Amino acid sequence: MSGPICQPDDDGVTASDEPHECNIEVTEGRAATVGAIAVNRLVPRRTRRTVGAWCFVDHMGPAAMTPADALDVGPHPHIGLQTVTWLLEGNVLHRDSLGSEQLIRPGQLNLMTAGHGVSHSEETRGIYEGPLHGVQLWVAQPTDTRDGVPAFEHHEDLPRFDVDNGTVSVLVGNIGGLTSPARRDTVHEGAELDLRRGASTVPIDPGHEYALAPLTGRVTVRGESIEVGSLGYLGTGHDEVVIDAPGPTKVLLIGGEPFADELVMWWNYVARTRAEVVEAHRSWSDDDGRFGTVESPLARIDVPGPPWPAR
Ligand code: MN
């Protein structure tokens, strides 16, 4: 911990969850597991619930996939969000209640829109053995689509452009004048920066807030080092970000218009009220058809309900 605190907050703050620099707000992720994989959860943090509409960022792996240690997340439900999957290494099979069955490889994008309700599985057993490394992100849907029909997209051909010392792949939204074909329901963007040693300037929108997460190595931005495992929040008001890499590194860039709504997030649901979550979870536990059926060899995942009563 060094330097002044940008957002003084003594409400039970822990050292790892406390911003510690005023140019860049750097927070450490926290350890979690998904299937058999260790993940580093970078968003949400107590001090940073969303970046644009991005409400969840898991950096998974790198981890070795074997017949014994597989990702293998059985069918589970979602509402009110889009899942965005991007891999650096390995393959994962996506299956969902819409009947989609899609293998995703590095450099490709899977985007599932949950709306009123969808369920899916993510599998590696019997599909892939070797290193797995990637990110799983959620985007909160806005009020006008969050109760809508579910959908799934797979994109293999994303816009890319060169910067001083690297290449930008535009996963979602518009960066540098290039627009991803992926659906977006709010004004947000995401990119992978594949950087070589040296400084690179990436154009951004001054009206949007942004964050950077190194997926390998580290970078320096505005004099602040951001290591793999950390999220560097850049705030708003800049039309470019200069990223200095000491060597080859891959960095996730996320951003967008600050998300106005207060979210209620519990388990795999993104909602606005606790009652919506209770209702969704009752539908999942009762298997009443809202979330459909996933044709997967894996067992359906269920958990006890949320720790609050329905109103
Ligand atoms: Mn999921």
Side-chain angles (χ1 to χ4, degrees), residues 29 32-44 50 53-61 63 65 70-87 90-104 108-125 127-128 132-141 145-146 148-155 171-172 182-183 185 190 252 254 263-271 276-277 280-281 283-285 287 290-303 305-306:
T33 55
V34 172
I37 295 207
V39 302
N40 189 29
R41 189 150 297 157
L42 295 162
V43 175
T50 50
W54 300 96
C55 62
F56 184 92
V57 176
D58 263 3
H59 179 191
M60 58 176 181
M65 295 295 95
L71 178 64
D72 283 15
V73 180
H76 61 278
H78 288 292
I79 63 167
L81 62 88
Q82 294 182 305
T83 62
V84 176
T85 307
W86 175 261
L87 300 179
N91 297 174
V92 174
L93 182 66
H94 163 98
R95 297 190 220 250
D96 65 36
S97 54
L98 303 167
S100 316
E101 182 173 320
Q102 180 65 57
L103 189 74
I104 180 172
Q108 304 176 347
L109 186 78
N110 273 3
L111 187 148
M112 184 178 72
T113 301
H116 182 68
V118 73
S119 55
H120 73 136
S121 65
E122 295 152 295
E123 307 174 17
T124 62
R125 182 173 286 118
I127 305 290
Y128 172 77
L132 183 68
H133 188 195
V135 286
Q136 299 256 33
L137 310 107
W138 295 354
V139 179
Q141 287 184 257
T145 68
R146 71 187 185 89
V149 295
F152 175 76
E153 298 176 5
H154 174 76
H155 296 281
L171 313 188
V172 179
R183 168 176 165 177
D185 293 359
L252 177 72
I254 54 173
L263 300 175
V264 174
M265 290 175 59
W266 182 80
W267 199 38
N268 292 303
Y269 310 115
V270 173
E276 289 170 15
V277 170
H281 197 59
S283 286
W284 175 250
S285 297
D287 198 7
R290 176 173 175 177
F291 294 99
T293 302
V294 185
E295 293 296 328
S296 167
L298 300 177
R300 214 171 169 276
I301 299 174
D302 205 354
V303 297

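In each ligand, atom 1 is the first atom listed, and ligand 1 is the first ligand listed. Starting from 1, each residue takes its place in the sequence as its number. Worth saying up front: this structure is predicted, and the values here are computed from it rather than measured.
- None of E123, E101, M112 except one satisfies the side-chain contact (heavy atoms from CB on, under 4.5 Å) rule with H94; the exception is M112.
- Of all protein N/O/S atoms, those under 2.8 Å from the Mn ion (ligand 1) are H76 NE2, H78 NE2, H120 NE2, and waters are not counted.
- In summary, of the residues considered (W267, W266, Y269), a side-chain hydrogen bond (donor to acceptor under 3.5 Å, both in side chains) with H281 occurs for Y269 alone.
- Scored by the ring pair (Phe, Tyr, Trp, His ring centres under 6.0 Å) test, Y128 finds no partners at all (sequence neighbours excluded).
- For the pairing with Q136, the side-chain hydrogen bond (donor to acceptor under 3.5 Å, both in side chains) check across D58, T83, N110, T85 returns one residue only, T85.
- Here the side chain of R125 pairs no donor or acceptor atom with the backbone of L298 at under 3.5 angstrom.
- At least one donor-acceptor pair under 3.5 Å links the side chain of D72 to the backbone N or O of T124.
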